[in-house]
Amino acid sequence: MDAKKIIDEATAVIFDLDGVLVDTAVFHYQAWKRLAHQFDFDFTEVENEQLKGVSRTDSLNLILKWANKDIPAQEKEQLASSKNTWYLELVEEMKEGDVLPGTIELLNYLKETGKKIALGSASKNAVRILEKTGIRDYFDAIVDGNAVSRSKPDPEVFLKAAAFVGVEPVACVVLEDAQAGIEAAKAANMRVVAVDKSRTLTDYDSRVEDLGEILISEY
Ligand code: B16
Ligand code: MG
């Protein structure tokens with residue numbers, strides 16, 4: 001089905017952050033790679049793909065599993081904290097307007113057409129990123145990694161976002177770039193538009209290469 005039609009039919013639009021609005025995946029990759037290097041694990045983009053939409057703690061546990069490393073909980077906290085420090089150094093370089101193609105045009109269109117706009121991200125750094133890139137004020141609700149106890153594919157993050165903007169899940173559409181996020185949206189009984197250039201995702205209602213493709217449609 002056409003992505004613009006799905007959005008026009010919805011009352012609220014819930015955005016994932018990393019990979020949909022901003023290209024921070026590359027920063028996550030660089031920071032995890034630096035960490036993995038410390039214990040001689042060759043972390044590649046193939047593994048990085050599997051961490052998209054996955055929380056920081058769950059990502060670290062996966063990397064330690066792939067590297068066959070068994071370490072105490074306290075040390076894990078230190079590793080996650082180092083990774084986040086390196087990641088934030090990269091985020092600090094971001095400037096206003098550092099968003100993915102079509103982001104501002106779509107956000108303006110949603111405002112003009114009276115949609116509720118929410119964020120549903122696994123990231124605990126979401127607010128900082130929205131502020132750095134200058135798009136925070138578009139959002140009626142922000143639900144991030146600090147506000148949820150269960151990671152995607154659990155629907156908690158999207159259900160909370162819908163509740164905050166006062167819209168029934170069936171009237172919400174989620175824009176996602178990760179399979180875990182698509183599963184979370186479906187479990188929440190929402191429609192989902194996949195933002196997926198590589199054509200690796202499944203089970204969505206519509207797919208676009210980037211947000212810029214959505215408004216071109218005249219369905
Ligand atoms: P942080 P999203 C996710 O963001 C990223 O895709 C994932 O790679 C990252 O591990 C997760 O946020 C947690 O991020 O370390 O900043 O709390 O795609 O759900 O917006
Ligand atoms: Mg994402």
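In each ligand, atom 1 is the first atom listed, and ligand 1 is the first ligand listed.
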Among all residues two or more places apart in sequence or in another chain, which pass the side-chain hydrogen bond (donor to acceptor under 3.5 Å, both in side chains) test with E49? K52
Donor-acceptor check, side chain of R207 to backbone of D196, threshold 3.5 angstrom: yes or no? yes
I'd like to check which ligand 1 atoms, numbered from 1 as shown, lie under 4.0 Å from a non-hydrogen atom of V54. 7 (C), 9 (C), 10 (O), 11 (C), 13 (C)
Y87 to ligand 1: N or O pair under 3.5 Å? no
Nearest protein heavy atom to atom 17 (O) of ligand 1, by residue and atom, and its distance? K124 N, 2.7 Å
Among non-hydrogen protein atoms, atom 15 (O) of ligand 1 lies closest to R56 NE, 2.8 Å
Pairs of nitrogen or oxygen atoms closer than 3.5 Å, one from D18 and one from ligand 1: do any exist? yes
Counting non-hydrogen protein atoms only, what is the nearest one to atom 8 (O) of ligand 1? Give residue, atom name and distance. L51 O, 3.1 Å
Can you tell me the protein heavy atom closest to atom 18 (O) of ligand 1 and the distance? D16 OD1, 2.9 Å
Could you name all protein N, O or S atoms found under 2.8 Å from the Mg ion (ligand 2)? D16 OD2, D18 O, D177 OD1
Taking CD in Q74 as the centre, count heavy atoms belonging to other residues, nucleotides or ligands within less than 6.0 Å. Is the count above 12? no
Heavy atoms from other residues, nucleotides or ligands near CZ of F139 exceed 12 (cutoff 6.0 Å): yes
More than 12 heavy atoms of other residues, nucleotides or ligands under 6.0 Å from CD of E168: is that the case? no
Other residues, nucleotides and ligands only: do more than 12 of their heavy atoms fall within 6.0 Å of CD on E92? yes
For the side chain of E75 and the backbone of I71, is there at least one donor-acceptor N/O pair under 3.5 Å apart? no
S82: what forms a side-chain hydrogen bond (donor to acceptor under 3.5 Å, both in side chains) with it, not counting sequence neighbours? none
Residue K33 excluded, over 12 heavy atoms near NZ under 6.0 Å: yes
Numbering as shown, the atoms of ligand 1 that approach N125 to under 4.0 Å (heavy-atom distance): 1 (P), 16 (O)
Sub-3.5 Å donor-acceptor pair from the side chain of T11 to the main-chain atoms of V167, do we have one? no
Ligand 1 contacted by E176 (non-hydrogen, < 4.0 Å): no
Report, in ascending order of atom number, the atoms of ligand 1 lying under 4.0 Å from any heavy atom of S59. 10 (O)
Ligand 1 atoms in contact with S121 (distance to a heavy atom under 4.0 Å): 2 (P), 4 (O), 19 (O), 20 (O)
As a check for students: among A122, A180, S123, identify the option with a heavy atom nearest to atom 16 (O) of ligand 1. S123
Quick check: does W32 get an N/O under 3.5 Å from an N/O on ligand 1? no
Hey, are R136 and E131 close enough for a salt bridge, meaning a charged N less than 4.0 Å from a carboxylate O? yes
Name all residues meeting the side-chain hydrogen bond (donor to acceptor under 3.5 Å, both in side chains) criterion together with E183; count only those two or more places apart in sequence or in a different chain, and write none if there are none. none
Of all the atoms in ligand 1, which lie at a distance below 4.0 Å from a heavy atom belonging to L17? 20 (O)
Give a yes/no verdict on a cation-pi contact between K83 and Y87, requiring under 6.0 Å between NZ or CZ and the six-membered ring centre and an angle within 45° of the axis. yes
Donor-acceptor check, side chain of S217 to backbone of I214, threshold 3.5 angstrom: yes or no? no
Using heavy atoms and a 4.0 Å limit, tell me yes or no: is G53 in contact with ligand 1? yes
Would you check whether K52 has a nitrogen or oxygen atom less than 3.5 angstrom from a nitrogen or oxygen atom of ligand 1? no
